[in-house]
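Below, read A as the first sequence line, B as the second, and so on, with proteins coming before strands; counting in each chain starts at 1. Excluded from the calculations below are hydrogen atoms, water molecules and symmetry mates; all remaining heavy atoms, backbone and side chain alike, are included. Only a predicted model underlies this, so the values are computations on that prediction, with no experimental measurement involved.
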Amino acid sequence: MLGEQEIFDRKIEQEIRIEPKDWMPNDYRKMLIRQMSQHAHSEIVGMLPEGNWITRAPSLRRKATLIAKVQDEAGHGLYLYSATETLGITREETIDQLHAGKAKYSSIFNYPTLTWADIGAIGWLVDGAAIMNQVPLCRASFGPYARAMIRICKEESFHQRQGFEILLTLSRGSEAQKQMCQDAINRWWWPSLMMFGPNDDASPNSRLSMQWKIKRFTNDELRQKFVDVCVEQVKTLNMQLPDPKIKWNEETGHYDFGEINWEEFYEVLKGNGPCNKERLEARKKAHEAGAWVREAASAYAAKKNYSFNSPVHGSQPAK
Amino acid sequence: MEANPQSENWPLWEVFIRARQGLDHKHAGSLYAADAQMALENARDVYTRRNEGISIWVVESKNIHASSPAESGEFFDPANDKVYRHPSFYILPEELKNI
């Protein structure tokens with residue numbers, strides 16, 4: 001008779017998904033709760049920098065696609081919150097952790113969206129980096145996480161394409177538009193590279209996560225893939241990536257690139273980025289301002305329930 | 001932070017979607033909603049934004065009873081030793097056709 005730990009290990013080894021009611025090590029559960037709730041928060045907070053431009057989108061087409069994209073992010077947040085709850089933490093707990101500033105979300109959303117080109121750069125680079133991260137998560141060992149990721153990845157590819165299209169249009173526009181495009185790429189490039197997390201030797205959780213087959217590639221592997229793809233794609237835009245050290249390396253078969261400013265990364269992570277405070281305030285305000293809607297829905301449901309069960313109603317013949 | 005504790009107690013609903021006429025409803029996910037109508041409308045907005053469905057069922061999660069994974073061994077055991085329930089169990093001559 002196998003022990004619980006052995007059954008779990010064997011499932012991981014044989015690529016059999018772990019489901020919510022299966023026995024799992026406590027640290028596996030904790031790691032998933034942390035990662036999945038951070039991921040859910042990122043989807044929700046990620047709506048803020050983009051929502052900023054909905055009212056100022058340059059055309060009806062751009063406005064409609066941006067609304068659709070932001071609506072998708074809300075859906076992605078929901079898939080992930082639901083999947084996280086299967087691990088035994090409530091929705092309220094995860095959201096309270098975010099609002100109390102205890103939970104993290106992707107630090108990229110703590111940068112401001114200064115111009116319309118930023119919406120393009122976010123789609124191309126930020127969503128591009130997210131997709132690079134998320135595709136391997138479709139094979140994560142925890143079933144609900146993997147299923148949520150499959151749904152998310154299906155929807156995410158339109159996001160990246162709409163972003164690239166925005167930049168492409170600007171890159172073929174007036175001199176000022178070209179400059180705006182390059183400026184957005186300059187500002188979003190490095191934070192996008194930081195999205196993959198610390199270097200492998202500084203990422204203590206990575207090894208365990210890979211051992212449990214939550215992650216399938218290391219931070220540096222995914223970052224390198226992303227650089228290789230972007231160096232080619234930026235040529236279509238006739239723009240530059242803001243890194244003079246990018247150079248093809250015959251030996252490795254990859255592009256070399258410059259050192260990331262990790263000091264900036266950790267500062268933003270600690271809450272000292274340009275928009276950390278603003279994002280959290282906006283999120284809390286939205287939650288509080290929506291309270292009356294939730295209350296009204298509850299009151300309406302209670303009222304319907306009451307009249308349905310009341311004696312007057314009950315005296316009528318059953319259907 | 002939350003003014004109204006009642007709204008925190010919305011029931012959880014499981015969402016099932018029929019993708020096309022002729023297919024079964026399949027589990028798509030779950031969501032919180034105050035009542036069935038709200039659950040249906042939110043399920044439409046969350047799970048069928050790209051024509052993924054033509055019909056939705058929502059069922060309060062509390063009404064779903066699941067078999068226990070810890071007991072799945074014994075629970076499904078009766079099927080393990082009955083290979084004669086499969087057509088390949090029966091050995092028939094090669095020349096026999098249409099059977």
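Contact count against chain B (heavy-atom pairs under 4.5 Å) is highest for A:A297 among A:G75, A:A297, A:P144. Each of B:A66, B:A28, B:S68 has some count of heavy-atom pairs under 4.5 Å with chain A, and the biggest count is that of B:A28.
For A:K213, the NZ atom is densely surrounded, since the number of other residues' heavy atoms within 6.0 Å is greater than 12. Within a 6.0 Å sphere centred on CG of B:L92, other residues, nucleotides and ligands contribute more than 12 heavy atoms. By the 6.0 Å contact criterion, CH2 on A:W23 is enclosed, its count of non-hydrogen atoms from other residues, nucleotides or ligands being greater than 12. Surrounding CZ of B:R49 are more than 12 heavy atoms belonging to other residues, nucleotides or ligands, all under 6.0 Å away. The number of heavy-atom neighbours closer than 6.0 Å to NZ of B:K62, taken from other residues, nucleotides and ligands shown, is 12 or below. Other residues, nucleotides and ligands place no more than 12 heavy atoms under 6.0 Å from the CG atom of B:D24.
Contact record, B:A34 with A:A301: O-CB, 3.4 Å, taken as the closest heavy-atom pair. Here the shortest heavy-atom pairing between B:P69 and A:D22 reads CB-OD1, 3.4 Å.
If you run side chain to side chain donor-acceptor pair (under 3.5 Å) between B:Y32 and each of A:E85, A:R91, A:R294, only A:E85 comes through.
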Would you please test A:R151 and B:Y47 for side chain to side chain contact (heavy atoms under 4.5 Å, CB included) and show each step?
CA-CA 9 Å; A:R151 203 179 282 278; B:Y47 293 108; 3.7 Å; yes
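Atom CZ of B:R50 and atom CD of A:E155 lie 4.0 Å apart (nearest 0.5 Å). Taking CD of B:E14 as the start and OG of A:S82 as the end, the distance is 8.5 Å to the nearest 0.5 Å.
Interface remark: A:Y79 contributes side-chain atoms only to the contact with chain B (heavy atom separation under 4.5 Å).
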